[in-house]
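Below: the structure, in structure tokens.
Excluded from the calculations below are hydrogen atoms, water molecules and symmetry mates; all remaining heavy atoms, backbone and side chain alike, are included.
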Amino acid sequence: MTYDDMLFGNRIAFTNFSVAAAMSIRVNTENWMKLLRAIGVLVALMIVTPLAQADGTTKMEFTGVNGANNGVYYVSPYTGIMNYGTSNAQTVVLFCDDINNEVSMNQVWNANVTGLASGNFSNTRYGNGSVNPNLGGTNPQTLYEEAAWLVTQFASHSGDYVSLQYALWDLMTPGAEPTNFANADGTTVAQWLALAAANYGQINPASFIIITNTGTLTYKGQVQEFIVQTPEPATAVLLLIGVVSMFLLIRRSQQQSA
């Protein structure tokens, strides 16, 4: 993806009690602040990550890059907005699987949304045999699940953004980037690809969607395709219940110590 538009007797006892009380208040206050920060982070994650949605269409806007690059291109993860221009607009994290096309800052386009669990890849660029000359006999479900597994690795390998991006691109377009390339931890692109092939069964397809431009698909000359990881609705509900439970427990503890 090119980007050219480049946070003392009685007195002693009283004093000790006062200090203890003050310390208790401070500890309780710190607990509240920690809880509030945790809630803030969780809310932010729920805001920027969409719930799994059915196949359909959406209007997208490309809004940002993370700064990591290979000297020519910025690499995933990127940010964008789904349902752009509507009351349901939502910020999402985008992972590019598409070396053959481009997107520019603040570009807006209409896109098909394909759930990875749907089994229907006709609206995707790399799962549609009539569009992707490299698909051959590859099962598109497996192809995109391997890509999804690679997407899950970005969060725990922030020093390997370039090698992970190369692996995503090479998965869909074999030979697009050098497979002997490695970032900080020494894992080569070829090794990432092998790990994806061995571990893709660990991911839940229902937690990923594919964003591909609408219209008659071509291999090149259109808007880049992206993968978005989404939390399952049940996971989001459990997360919310956990946050509320933490809030109630700390509040009860403070009331009992008051």
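In the model, T86 has no side-chain atom that pairs as donor or acceptor with a side-chain atom of N88 under 3.5 Å. Inspection of the Q224 and N101 side chains reveals no N or O donor paired with an N or O acceptor under 3.5 Å. In this structure, a donor-acceptor pair under 3.5 Å is present between the side chains of N83 and T58.
Judged by distance alone, the side chain of D160 and the main-chain N or O of A184 form a donor-acceptor pair under 3.5 Å. A donor-acceptor distance shorter than 3.5 angstrom exists from the side chain of Y78 to the backbone of Y74, with no hydrogens or angles considered. In this structure a side-chain-to-backbone donor-acceptor pair under 3.5 Å is missing from Q153 to L164. No donor-acceptor distance shorter than 3.5 angstrom exists from the side chain of D97 to the backbone of L168, with no hydrogens or angles considered. The backbone N or O of G127 sits nowhere less than 3.5 Å from a side-chain atom of N132 that would complete a donor-acceptor pair.
By the 4.5 Å heavy-atom criterion applied to side chains, Q229 and T152 are counted as neighbours. The shortest side-chain heavy-atom distance between M60 and M82 falls under the 4.5 Å cut-off. Taking the side chain as every heavy atom from C-beta outward, N112 and T214 approach each other to under 4.5 Å. Contact of the T124 side chain with the E225 side chain is registered, since non-hydrogen atoms from C-beta on lie closer than 4.5 Å. Taking 4.5 Å as the limit, every side-chain heavy atom of T57 sits out of range of all side-chain heavy atoms of V113. Within the 4.5 Å cutoff, the side chain of T218 has no heavy atoms near those of the V131 side chain. By the 4.5 Å heavy-atom criterion applied to side chains, T212 and L217 are counted as neighbours. You'll find the side chain of T114 reaches within 4.5 Å of the side chain of S118, heavy atoms only.
By the side chain to side chain donor-acceptor pair (under 3.5 Å) test, Y166 pairs with N70, sequence neighbours left out. When the side chain to side chain contact (heavy atoms under 4.5 Å, CB included) test is applied to T138, the partners found at least two apart in sequence or on another chain are L135, L143. A117 pairs by the side chain to side chain contact (heavy atoms under 4.5 Å, CB included) definition with P205, A206, not counting sequence neighbours. The side chain to side chain donor-acceptor pair (under 3.5 Å) check on S122 picks up N120, with sequence neighbours excluded. The side chain to side chain donor-acceptor pair (under 3.5 Å) check on T79 picks up T63, with sequence neighbours excluded. Under the rule for a side chain to side chain donor-acceptor pair (under 3.5 Å), N66 has no partner lying at least two apart in sequence or in another chain.
Taking each heavy atom of M172 and A147 in turn, the nearest pair found is CE-CB, 3.8 Å. Nearest heavy-atom pair across I81 and V92 is N-CG2, 4.5 Å. Here the shortest heavy-atom pairing between C96 and W169 reads SG-NE1, 3.5 Å.
Judged as a ring pair (Phe, Tyr, Trp, His ring centres under 6.0 Å), the pairs with a partner in residues 112-132 (not counting sequence neighbours) are, in order, F121-Y144, Y126-Y219. Screening residues 189-208 for ring pair (Phe, Tyr, Trp, His ring centres under 6.0 Å) gives H157-W192 as the qualifying pairs, with residues at least two apart or on separate chains. Legend: salt bridge (charged side-chain N to carboxylate O under 4.0 Å, His left out) pairs involving residues 118-144, not counting sequence neighbours, sorted by first then second residue: D98-R125. Residue pairs that meet the ring pair (Phe, Tyr, Trp, His ring centres under 6.0 Å) test with at least one member in residues 92-112, sequence neighbours left out, are F95-F154. Among residues at least two apart or in separate chains, there is no salt bridge (charged side-chain N to carboxylate O under 4.0 Å, His left out) pair with a member in residues 130-159.
V65 and Y84 fall into different hydrophobic clusters, where Ile, Leu, Val, Met, Phe, Trp and Tyr are joined by side-chain heavy atoms under 4.5 Å apart, directly or via other members. Side-chain heavy atoms closer than 4.5 Å link hydrophobic residues (I, L, V, M, F, W, Y) into clusters, and following such links, possibly through other members, connects L195 to I227. Under the 4.5 Å side-chain contact rule for hydrophobic residues, L94 and M105 share a cluster.
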Donor-acceptor pairs under 3.5 angstrom involving side-chain atoms of residues 176-183: please list them, not counting sequence neighbours.
unit_1: N183; atom_1: OD1; unit_2: V162; atom_2: N; d: 3.0
unit_1: N183; atom_1: OD1; unit_2: S163; atom_2: N; d: 3.0

Test L150 against L171 for side-chain contact (heavy atoms from CB on, under 4.5 Å), laying out the working first. CA-CA 10 Å; L150 288 169; L171 182 65; 4.3 Å; yes

Start with the C-alpha distance between T230 and V228, add both sets of side-chain angles, then the distance that settles side-chain contact (heavy atoms from CB on, under 4.5 Å), and finish with yes or no. CA-CA 6 Å; T230 70; V228 175; 4.2 Å; yes

What's the verdict on side-chain contact (heavy atoms from CB on, under 4.5 Å) for I209 and L116, showing C-alpha distance, side-chain angles and the deciding distance? CA-CA 5 Å; I209 57 176; L116 184 50; over 6 Å; no

Could you give me the CA-CA distance, side-chain angles and deciding distance for T187 and D185, then say whether side-chain hydrogen bond (donor to acceptor under 3.5 Å, both in side chains) is met? CA-CA 6 Å; T187 305; D185 73 354; 3.1 Å; yes

